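Only one structure is covered here, and it is reproduced in the block below.
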Protein chains: 2
Amino acid sequence: MQADRVNAEQASGGLSFRKRAKSALRGAGMRWTQQRDTLIDVIEKAQGHLDVDELYRLARQQDPRLSLSTVYRTLAVLKRHRLVDELHLTEEHHHYEAKIGAQHFHMLCTSCGTVTEFSGALVDRLQQELRREHGFTVESIDLDVSGVCARCTASQPAAS
Amino acid sequence: MQADRVNAEQASGGLSFRKRAKSALRGAGMRWTQQRDTLIDVIEKAQGHLDVDELYRLARQQDPRLSLSTVYRTLAVLKRHRLVDELHLTEEHHHYEAKIGAQHFHMLCTSCGTVTEFSGALVDRLQQELRREHGFTVESIDLDVSGVCARCTASQPAAS
DNA sequence: GTTTTTGCAAAATGTTTGCATAAAG
DNA sequence: CTTTATGCAAACATTTTGCAAAAAC
């Protein structure tokens, strides 16, 4: 557990997600509660994309009394402080992930459901282009791709 | 009204949205109902981005008995047949627009609320890159940008 | 001790569904 | 005449909210 925390800090350049979250909230005059600690811990460890129910379920394994309202309220706070990103991978459920490391985006394979990340280099270019051509200053980009991943393309006879 | 229809046909290369929709649905063994005609007409004329409530409200001006269920059911059909696009411009409401003309994406100004369209050239490049680098075949891209438009940037003292 | 946060239950929101009736083909 | 689509109301899933009790500071 101690080791996990050290690894997490190394992965994100010396400051764990939990520590960043704690100081961001404390800095805004908010309180660091047991529930927020639990939820942040689950989100950080998930290393991926949780929807609200998964987050709720996992958090209750650590603290069975934690309520669904608290999950929603905490996600709202974390979104507001830009500590988590909300993804719209599917029509049905939103997914959330810790904002750690470089900006990236997601490809969802419609065949196997796998989510792959890709980096934001091309998206940076798009941002520049929007400023140059439209005078538009980008604040946030919501970009999700769906299609067929390499594995599924290879394993399926090309649909004619 | 007749003139509107002619203009619409010219704008989309000889086949109005309504005619395309009609033949797509008829081709799939579905019926061309009064309600579908009304909804398609509203969507086509809107020339922009309607959310469900706006669509419902406008459609009821033409046919006061048309129900909200029918709006949802019709949008589902149109989405399935790729006759409308569903946009995720804001957190709260989905928006829908007729799929007419070239692919394009949307920038939402967080200051004045204006939605501006931009073309898909850069997005095409992204698509190629994903195939080249990840072997991923793109089926659909959900891309929405928010930020500050040129007008608002100009009229506001640069926030320091 | 004061203020914020929580858990719970209730309400609000947005969307879907079952079913009898109406309309389309 | 047969099948599909509609309107209505009820069901559903998800998210938000009011409030008293608990926890943080």
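As the structure is a prediction and not an experimental result, all values here were calculated from the model. Just so it is clear: chains get the letters A, B, ... in the order the sequence lines come, proteins before strands, and each one is counted from 1.
- Near-neighbour residues of DNA chain D inside residues 48-79 of chain B, defined by a heavy atom below 4.0 Å, number-ordered: B:R65, B:L66, B:S67, B:S69, B:T70, B:R73.
- Bending across the helix from C:dG1-D:dC25 to C:dG25-D:dC1, expressed as the angle between its end axes from five pairs apiece, amounts to 40° (10° rounding).
- Residues from residues 23-31 of chain B with heavy atoms under 4.0 angstrom of DNA chain D, sorted by number: B:M30, B:R31.
- With hydrogens and angles ignored, the 3.5 Å screen pairs no side-chain donor or acceptor of B:R82 with any backbone N or O of B:K99.
- Taking atom CG on B:D37 and atom C1' on D:dT4, their separation rounds to 17 Å, with Å as the unit.
- Between B:K79 and A:E91 there is a salt bridge, with a side-chain nitrogen of the basic residue lying less than 4.0 Å from a carboxylate oxygen of the acidic one.
- Distance, B:E92 CD to D:dT16 P: 10 Å, rounded to whole Å.
- Ionic pairing of A:R132 and A:E129 is present here: one or more N-O contacts between side-chain nitrogen and carboxylate oxygen are shorter than 4.0 angstrom.
- Atom NZ in B:K22 sits roughly 15 Å away from atom P in D:dA5 (whole-Å rounding).
- In the hydrophobic clustering of this structure, B:L130 does not group with A:V148; members are Ile, Leu, Val, Met, Phe, Trp, Tyr whose side-chain heavy atoms approach within less than 4.5 Å, directly or through other members.
- Between C:dA22 and B:Q34, no contact under 4.0 Å exists linking OP1 or OP2 to a side-chain N or O.
- Donor-acceptor pairing under 3.5 Å is lacking for the side chains of A:H95 and A:H106.
- Using a 4.0 Å cut-off between a side-chain N of Lys or Arg and a carboxylate O of Asp or Glu, B:R18 and B:D37 qualify as a salt bridge.
- The phosphate of C:dT6 (OP1 or OP2) has a side-chain N or O of A:R36 nearer than 4.0 angstrom.
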- Stepwise, does the side-chain contact (heavy atoms from CB on, under 4.5 Å) test hold for B:L66 with B:L39? CA-CA 9 Å; B:L66 191 148; B:L39 289 167; 4.1 Å; yes
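- Here A:Q35 does not reach the OP1 or OP2 of D:dA22: none of its side-chain N or O atoms lies under 4.0 Å away.
- Pairing each heavy atom of A:L126 with each of B:F118, the nearest pair is CD1-CE1, 4.0 Å.
- Checked options B:V145, B:L143, B:D142, B:D144; the residue passing with A:L143 is B:L143 (criterion: side chain to side chain contact (heavy atoms under 4.5 Å, CB included)).
- Nucleotide C:dG14 holds its P atom 16 Å from the CD atom of A:E91, rounded to whole Å.
- Residues B:E54 and B:H93 have side chains that never bring a donor and an acceptor to within less than 3.5 angstrom of each other.
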- Message: Under the criterion side-chain contact (heavy atoms from CB on, under 4.5 Å), I'd like the reasoning laid out for A:I141 against A:F105: C-alpha separation, chi angles, the key distance, then a yes or no.
- Response: CA-CA 10 Å; A:I141 294 193; A:F105 299 92; 4.2 Å; yes
